[in-house]
Structure formats: C-alpha cells, structure tokens
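Just below is one structure, and these are the notes that go with it.
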Amino acid sequence: MDVVVVYETHYGQTREIASAIADGAREAGADVTVVGVEEATARQVDAADLLVVGGPTHMLGMSRPWSRGKAHPQEIGTGGEIDDGVREWLEGLPAAGGGQRAAAFDTRLPSALAGGAAHGVARALRRHGFELIADPEGFVVEEAEGPLRAGEEDRAREWGAALAGKVAAAVR
C-alpha cells in the first residue's frame, strides 16, 4: 500500500506532524512518501492508495498568498519563500481516479476561534473526486511559531496508523 503525505509548512510544525503521520502509516505496513507541497507531483498522487494533505491554519482557514506574506515579515520560518501553498496546489490537482482515498489535516492554535484549514482541504479533495476516509483532523500548536502541544506527534502517529489500517482493509 502506497501513502503520500503532502504538507505546507512555515515554521516546521506541520512538517513534524506530516512526518509523524507517515511514521504511523509505516508502522501499519505502508510504503510512505512525505513531500512538501512545493515538490508534490500529480504522478505521486496518482500512484497513491491514500493521499494525506495538510497545512497550517492562517486567518481561520487555508493559507493564501497574502496570509503567507503576513506570516513571514520576521526572520523566522521560510521568510515568505513559499509562493504556492496547499490551496493553490489543490486547485491545480487533476481529478482523482475512481476510488482514490484521501484524508486532511492541519496545524492550528489552541483556541476554537482560531479556525482550521483541514475542513477546506477536505472540501477541495472531495471536489477533486477523492473519497475521504476520515474526518479532517487538527493538531495543536501552542503559538504560531510553535511548539507543538505535548502529545500531538503521538496523536498524529496514531492517526496515520489508523488511516493506513482503513485503507489496507479496503484494498484487501
């Protein structure tokens, strides 16, 4: 079973969650590729039995060019070097083949008022014809620049294993 985890990150926390999801899927027996949104290709997506996509929450949802620019006036993070994020990558994604499975995640601040990007990612995946195998999942960062809340990497690893288990059961 092939799993591809595509992520957008600015301060590194979303990459850490993507890696933990991948570790969990590997522990469940999957072959996993983890790739930043700037390098993810349609070919990788087409070959995947499961596509997991995530990004940071900006201004209640998925990042936009202006929110990425606002997030990076400082020296921390990418310095605004990410031209396209998950939103733009999903817009350019070809329609899924029949039965392709996906899941969506985000990183977000601890307040319910902070919103989340995962629901927007999930909607975009559905619009492209993917079957979502889990509810969108949010992982908490204590502040915009991090760190991740204690236990979130473990939770992401468990979620990755559960996702891979669902796909393995469906593929058999």
Side-chain angles (χ1 to χ4, degrees), residues 1-57 62-63 77-78 82 85-87 89-90 93 96-110 114 116-126 128-172:
M1 170 183 41
D2 291 318
V3 176
V4 174
V5 181
V6 177
Y7 68 90
E8 172 188 345
T9 195
H10 297 269
Y11 299 107
Q13 291 83 23
T14 310
R15 179 178 49 246
E16 291 174 34
I17 293 296
S19 293
I21 291 167
D23 289 344
R26 279 188 198 98
E27 290 167 10
D31 292 323
V32 185
T33 301
V34 181
V35 61
V37 69
E38 65 277 2
E39 297 173 3
T41 66
R43 187 177 201 179
Q44 290 169 315
V45 171
D46 287 342
D49 296 304
L50 172 63
L51 173 64
V52 183
V53 181
T57 300
M62 285 189 282
S63 73
T78 62
I82 296 176
V86 166
R87 177 186 299 272
W89 182 78
L90 286 166
L93 192 63
Q100 277 192 285
R101 296 167 185 89
F105 73 97
D106 65 35
T107 52
R108 58 179 70 172
L109 292 171
H119 287 284
V121 172
R123 275 192 304 275
L125 288 166
R126 267 192 231 99
H128 281 83
F130 287 90
E131 173 193 341
L132 290 171
I133 64 165
D135 289 335
E137 190 64 56
F139 298 92
V140 178
V141 296
E142 295 296 346
E143 295 183 35
E145 293 92 10
L148 287 166
R149 178 173 278 174
E152 291 299 83
E153 285 182 90
D154 291 337
R155 199 165 67 78
R157 202 170 356 279
E158 291 168 8
W159 191 64
L163 293 174
K166 284 182 181 182
V167 173
V171 171
R172 289 181 197 159

Is there a donor-acceptor contact under 3.5 Å from the side chain of E152 to the main chain of V140?
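Answer holds: yes.
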Verify, without hydrogens or angle tests, whether E8 (side chain) and V37 (backbone) share a donor-acceptor contact under 3.5 angstrom.
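A pair under 3.5 Å: no.
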What's the spacing between [X] [atom1] and [Y] [atom2] if we round to 0.5 Å?
X: L148; Y: I17; atom1: CG; atom2: CD1; value: 4.5 Å
X: R108; Y: T14; atom1: CZ; atom2: OG1; value: 11.5 Å
X: R123; Y: L90; atom1: CZ; atom2: CG; value: 11.5 Å
X: E153; Y: I21; atom1: CD; atom2: CD1; value: 10.5 Å
X: E142; Y: R149; atom1: CD; atom2: CZ; value: 4.5 Å
X: Y11; Y: E145; atom1: OH; atom2: CD; value: 5.0 Å

For [X] against [Y], the heavy-atom pair lying closest together:
X: V4; Y: Q44; answer: CG2-O, 3.6 Å
X: A118; Y: P136; answer: CB-CB, 3.6 Å
X: A144; Y: Q13; answer: O-OE1, 3.9 Å
X: F105; Y: V6; answer: CE2-O, 4.3 Å

Output a table of donor-acceptor pairs, distance under 3.5 Å, between side-chain atoms of residues 47-57 and any protein atom two or more places apart or on a different chain; print 'none' if there are none.
{"from": "D49", "atom 1": "OD2", "to": "D2", "atom 2": "N", "distance (Å)": "2.7"}
{"from": "T57", "atom 1": "OG1", "to": "T107", "atom 2": "O", "distance (Å)": "2.9"}
{"from": "T57", "atom 1": "OG1", "to": "A117", "atom 2": "N", "distance (Å)": "3.1"}

Taking only residues two or more places apart in sequence or in another chain, which ones pass side chain to side chain contact (heavy atoms under 4.5 Å, CB included) with A134?
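By the side chain to side chain contact (heavy atoms under 4.5 Å, CB included) rule, A134 matches W159, L163, K166.
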Check: L132 and L125 side chains under 4.5 Å, non-hydrogen atoms
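Yes, side chains in contact.
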Please report, to 0.1 Å, the donor-acceptor pairs under 3.5 Å made by any side chain of residues 25-36, with sequence neighbours excluded.
{"from": "R26", "atom 1": "NH1", "to": "D23", "atom 2": "OD1", "distance (Å)": "3.2"}
{"from": "R26", "atom 1": "NH2", "to": "V32", "atom 2": "O", "distance (Å)": "3.4"}

